[in-house]
There are 2 protein chains.
Amino acid sequence: MNSDFTLAVHSLTLLATLPDRMSSSDAIAASASVHPVRIRKVLSLLRKHGFIESKEGTGGGFIFSSNPKVVTLREIYQLTSEGTLQPKCPQVNDSCVVGSNLENVLYSIFTDGEEHLGQFLGQYSIEDVVNSVKQKQ
Amino acid sequence: MNSDFTLAVHSLTLLATLPDRMSSSDAIAASASVHPVRIRKVLSLLRKHGFIESKEGTGGGFIFSSNPKVVTLREIYQLTSEGTLQPKCPQVNDSCVVGSNLENVLYSIFTDGEEHLGQFLGQYSIEDVVNSVKQKQ
DNA sequence: TTAAACTGTAACTATTATTATTTCAGTTAA
DNA sequence: TTAACTGAAATAATAATAGTTACAGTTTAA
């Protein structure tokens, strides 16, 4: 799966542990070991979907604006990675029965599969992740 | 998911419809619209795991050597794509609690998730895929 | 009222992953 | 003994991902 998912979960997990103050993209980027601009892209997506709030200017940054108990990995997956489960099919060769129809067959199977995976990921909230991380510490 | 999965399913589906004769890598490659060398790599993997047999020389090629009713997408997934569900984590930053533990937490969740997906894919045999493809025709 | 610390984005570069291609050795059948 | 095939290594091309630079806009505080 793409790393946007990991970066989003990382950011939310970090913000969930710091609910009282703004965290800057530089700090989050350092924690995740990636470039600040990259993390800002992910944070921007999370903001547009209401998971976090941002504030520009001195003392600004990002803060969790929803409930870590309610936000699940499913929603993060949908936001950052929906469709990545679908197997890549090279350009279709219509002169072959298999070539011209397999794509649709697999698409339909993996659409169901992604739904199953979604239900599985829905079991884990950001709070669960925070607790697991703290426990491992 | 990587396209090796699709190519493997494509090859097996095609071979399952032609159980009486050898199919050459060139023919399979043409059906899948990829380079023959690439399809031979995938076919080689399938052969090493006993799904198909190959024969060199004139009139050689590949042929299904197992039962299309028994071979499922789960086994093909395991062979070609196991682990691809795991989210990519950038290098760990040990100075951060989240950075240093999240990888393990997500790894454990997605290992379970992949098992769930495996069970789901286990429902579909190559014969099912062949039938679906024919039905769409 | 201006400098400093931030976010928001676009554009570009670098890196990595994937795929295609070339090449050639080995096998088999006609 | 040649033509049709597999097997596989090595390399080239392409695509996907990530990093970097640059700069406009916002906010706070000195």
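Order of the sequence lines fixes the chain letters, A, B, ..., with proteins taken first and strands second; residue numbering starts at 1 for each chain. Computed from a predicted model, the values in this text were never measured in an experiment.
One distance of note links CG of B:Leu14 with NE2 of B:His10; it measures 5.5 Å at 0.5 Å rounding. In this structure, A:Asn131 CG and A:Thr17 OG1 are separated by 11.5 Å, a value rounded to the nearest 0.5 Å.
Of the side-chain N and O atoms in B:Ser25, one or more sit less than 4.0 angstrom from OP1 or OP2 of D:dT6. Residue A:Ser44 places at least one side-chain N or O closer than 4.0 Å to OP1 or OP2 of C:dT9.
In this structure, A:Leu43 atom CG and C:dC6 atom C1' are separated by 13 Å, rounded to whole Å. D:dT6 atom P lies 13 Å from atom CD1 of B:Ile63, rounded to whole Å. Put simply, CD1 on A:Ile39 is 13 Å from P on C:dG8, counting in whole angstrom units. Rounded to an integer number of Å, the gap from CD1 of B:Ile28 to C1' of D:dC5 is 12 Å. Distance, A:Met22 CE to D:dT26 P: 16 Å, rounded to whole Å. Separating the CD atom of B:Glu53 from the C1' atom of D:dT6 is a distance of 14 Å, rounded to the nearest angstrom. One interatomic measurement links the two molecules: CG of A:Asp26 to C1' of C:dG8, which rounds to 14 Å at whole-angstrom precision. Summarising the geometry, the separation between CZ on A:Phe62 and P on C:dC6 is reported as 12 Å, rounded to the nearest angstrom.
The aromatic ring centres of A:Phe110 and B:Phe5 sit less than 6.0 Å apart.
Using a 4.0 Å cut-off between charged nitrogen and carboxylate oxygen, B:Lys41 and B:Asp4 do not count as a salt-bridge pair. A salt bridge links A:Glu115 with A:Arg74; the closest basic N to acidic carboxylate O contact falls under 4.0 Å.
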Pairs: protein N or O with nucleotides 27-30 of chain C N or O, under 3.5 Å:
| residue | atom | partner | partner atom | Å |
| --- | --- | --- | --- | --- |
| C:dT27 | O4' | B:Glu56 | OE1 | 2.8 |
| C:dT27 | O2 | B:Gly57 | N | 3.2 |
| C:dT28 | O2 | B:Thr58 | N | 3.1 |
| C:dT28 | O2 | B:Thr58 | OG1 | 3.3 |
| C:dA29 | OP1 | B:Lys55 | NZ | 2.9 |

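Counting heavy atoms from C-beta on, the side chains of B:Ser65 and B:Phe51 never come closer than 4.5 Å. Counting heavy atoms from C-beta on, the side chains of A:Thr72 and A:Ile76 never come closer than 4.5 Å.
The hydrophobic cluster around A:Met22 extends to A:Ile63, counting ILVMFWY residues whose side-chain heavy atoms fall within less than 4.5 Å of a member.
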Determine, for nucleotides 11-23 of chain C in 5'-to-3' order, which nucleotides have protein heavy atoms under 4.0 Å from the base (write B), from only the sugar-phosphate (write S), or from neither (write -). --------SSBB-
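In this pair, B:His116 and A:Phe120 present their aromatic rings tilted. The plane angle is within the 30 to 60° band.
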